[in-house]
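Single-structure report; data block below.
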Number of protein chains: 2
Amino acid sequence: MNISAASKASGLPVKTVRYYADIGLVQAPSRSEAGYRTYDNASVRKLVFIRRSREFGFTIEECRELLGLYQDQDRTSAEVKRIASKRLEEIEEKQRELQSLHDELAHLVTSCRGDHRPDCPIIDYLG
Amino acid sequence: MNISAASKASGLPVKTVRYYADIGLVQAPSRSEAGYRTYDNASVRKLVFIRRSREFGFTIEECRELLGLYQDQDRTSAEVKRIASKRLEEIEEKQRELQSLHDELAHLVTSCRGDHRPDCPIIDYLG
DNA sequence: TCTTGACCTTCCAGTTACTGGAGAGATTAG
DNA sequence: CTAATCTCTCCAGTAACTGGAAGGTCAAGA
C-alpha cells in the first residue's frame with residue numbers, strides 16, 4: 001500500500017500520515033526501492049486508532065499513551081479509564097465554559113436591536 | 001502609566017499588551033525618554049475591550065473589527081449584532097459537537113470496569 | 001554614593017497539530 | 001513517448017501568545 005491508499009483506508013490526510021511517523025507516533029514505515037512509504041493493514045489499524053482518538057480530542061501525547069496501551073497485552077483497563085475520564089472531565093469543563101459564554105452572549109445579542117443606529121448593548125458591555 | 005500598571009489595569013499580561021501593539025491591534029504607545037512604553041486611560045479602556053472580546057472567543061481579527069466599531073460614532077448596531085451572532089452560532093455548533101463527544105465518551109467510560117484486566121470497551125471502540 | 005532588586009527593552013524560539021507549496025524524481029495510462 | 005498523477009524532502013505558515021536571554025533604567029535603602 002502506498003501512502004495515498006493508506007490515507008484513504010485510515011481516513012487521514014497524506015500529510016498527516018507522514019507527520020505521525022515524523023513525530024514518532026507510529027513506527028516509520030518501510031520503503032520501496034524508489035523510497036516510497038509502504039503500509040500494511042496493521043499500520044492502517046493504528047492510524048485509524050489515532051484518528052478516532054483525535055476525534056475524541058485526545059492530544060497527540062495522549063494518543064501515544066493510548067496506542068501504547070492498545071498494543072500492550074498486559075494493560076489494565078484502569079489505566080485506559082483514567083485517561084478517558086480525564087478527557088471527559090475536560091470536555092465537561094469546556095461545556096460549562098461554553099454554556100455561560102453562550103448565555104451571556106445570547107442575552108446580549110437578543111437585546112441588541114440590530115438597526116442603523118449606533119446604540120448597542122454588546123458594545124456597551126465590552127467597553 | 002508604565003506597561004506593568006497598564007497590564008494590571010487591563011487584566012492582560014505584559015507580554016500580551018506588547019503583542020497587541022506589535023500586531024497593530026492597538027496603536028503603538030508613546031515612549032518615555034528611556035524608551036519605556038507609556039499608557040493612558042483611553043489605551044487601557046481599549047485593552048479591556050479587547051480582553052472581554054477575547055474572553056467571548058472572538059478572534060484577533062474580529063476584535064479588530066469590534067474595536068473599530070467601538071471607536072466609530074457612525075457604527076450601526078446591525079454590524080455589531082452580525083459579528084456577535086456569528087460567534088454565537090459558532091459557540092452553539094461547538095456545544096453540539098461537545099455534547100455528542102461527551103455522550104459517547106461518557107458511555108464508554110461508564111461501561112469500562114477500570115480494573116487490573118486488559119479488556120476495555122474504550123480500547124475496543126478506538127481500535 | 002553604591003548597590004540591589006524590580007522594571008523595562010528587543011529579539012528569538014517554542015507551543016499544537018498540522019497544512020501548503022516548491023522543486024524534483026517515480027510510475028502509470030494511453 | 002508523453003502527460004498526468006504520485007511520491008519524495010524541506011521549508012514556511014497558521015493562532016495567539018509565552019518563555020527566556022541579554023542588557024539598559026529606575027527608585028529605595030545602607
Side-chain angles (χ1 to χ4, degrees), chain A residues 1-26 28-40 43-44 46-67 86-87 90-91 94 97 101, chain B residues 1-26 28-40 43-44 46-67 86-87 90-91 94 97 101:
Chain A
M1 231 188 298
N2 279 348
I3 198 167
S4 67
S7 160
K8 267 158 207 151
S10 66
L12 288 169
V14 167
K15 282 258 179 186
T16 304
V17 174
R18 278 197 208 100
Y19 175 72
Y20 286 164
D22 284 351
I23 63 172
L25 181 53
V26 297
S30 52
R31 301 289 182 121
S32 73
E33 266 187 42
Y36 285 19
R37 292 168 178 82
T38 55
Y39 296 85
D40 56 15
S43 323
V44 168
K46 285 173 205 166
L47 290 170
V48 169
F49 183 93
I50 297 166
R51 177 174 58 73
R52 297 228 179 96
S53 304
R54 291 285 301 128
E55 284 166 2
F56 272 118
F58 290 107
T59 65
I60 292 290
E61 288 316 305
E62 286 163 344
C63 290
R64 212 185 285 274
E65 277 192 84
L66 287 170
L67 197 57
K86 176 166 156 284
R87 177 70 195 127
E90 288 165 4
I91 289 173
K94 192 78 194 165
E97 271 176 41
L101 235 49
Chain B
M1 231 188 296
N2 280 347
I3 198 168
S4 68
S7 160
K8 266 159 208 150
S10 66
L12 288 169
V14 167
K15 282 257 178 187
T16 303
V17 173
R18 278 197 207 99
Y19 174 71
Y20 286 165
D22 284 351
I23 63 171
L25 181 53
V26 297
S30 51
R31 302 288 183 121
S32 73
E33 266 187 43
Y36 286 19
R37 291 169 178 80
T38 54
Y39 296 85
D40 56 17
S43 323
V44 168
K46 285 173 205 167
L47 290 170
V48 168
F49 183 94
I50 296 168
R51 176 175 59 74
R52 298 228 178 97
S53 304
R54 291 285 302 129
E55 283 166 1
F56 272 118
F58 291 106
T59 65
I60 293 287
E61 287 316 305
E62 286 164 344
C63 290
R64 213 184 283 274
E65 277 192 84
L66 288 170
L67 197 58
K86 175 165 158 284
R87 178 71 195 125
E90 287 165 6
I91 289 173
K94 192 78 194 165
E97 272 175 41
L101 235 50

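Remark: B:Lys46 NZ to B:Leu67 CG distance equals 7.0 Å, nearest 0.5 Å. The structure places CD1 of A:Ile50 at 10.0 Å from CG of A:Leu66, a figure rounded to the nearest 0.5 Å.
For the residue pair B:Thr38 and B:Ser32, no side-chain donor N or O sits within less than 3.5 Å of a side-chain acceptor on the partner.
Sequence neighbours left out, the pairs with a member in residues 48-57 of chain A that pass side-chain hydrogen bond (donor to acceptor under 3.5 Å, both in side chains) are A:Arg51-A:Glu55.
For the pair B:Glu90 and B:Lys94, the salt-bridge criterion is not met [side-chain N within less than 4.0 Å of a carboxylate O].
Under the rule for a side chain to side chain contact (heavy atoms under 4.5 Å, CB included), B:Glu33 has no partner lying at least two apart in sequence or in another chain.
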Listing, residues 10-26 of chain B side-chain donor-acceptor contacts under 3.5 Å, not counting sequence neighbours, or none:
from, atom 1, to, atom 2, distance (Å)
B:Ser10, OG, B:Ala6, O, 2.8
B:Ser10, OG, B:Ser7, O, 3.2
B:Ser10, OG, B:Leu12, N, 3.3

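Residues B:Val44 and B:Met1 have side chains in contact (heavy-atom distance under 4.5 Å, counting atoms from C-beta outward).
Under 4.0 angstrom from either OP1 or OP2 of D:dC6 there lies no side-chain N or O belonging to A:Arg18. For A:Arg37 and D:dC8, the shortest distance from a side-chain N or O to OP1 or OP2 is below 4.0 Å.
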Do any N or O atoms of the protein come closer than 3.5 Å to N or O atoms of nucleotides 15-19 of chain D, and which pairs are they?
from, atom 1, to, atom 2, distance (Å)
D:dA16, OP1, B:Ile60, N, 3.4
D:dC17, OP2, B:Tyr20, OH, 2.7
D:dC17, OP2, B:Arg54, NE, 2.9
D:dT18, OP2, B:Thr16, OG1, 3.1
D:dG19, N7, B:Lys15, NZ, 3.0
D:dG19, O6, B:Lys15, NZ, 2.9

Using the 3.5 Å cut-off, write out each protein N or O paired with an N or O of nucleotides 25-27 of chain D and the distance between them.
from, atom 1, to, atom 2, distance (Å)
D:dT25, O4', B:Tyr36, OH, 3.1

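For the residue pair B:Glu62 and B:Phe58, the shortest heavy atom distance occurs at OE1-CA, 3.3 Å. The heavy-atom pair separating A:Phe56 from A:Ile91 by the smallest distance is O-CD1, 4.2 Å.
For DNA chain C, the contact window with chain B, defined by any atom under 4.0 Å from a protein heavy atom, covers C:dC7 to C:dC11 in 5' to 3' order.
Backbone-only contact: B:Ile3 has heavy atoms under 4.0 Å from sugar-phosphate atoms and none from a base.
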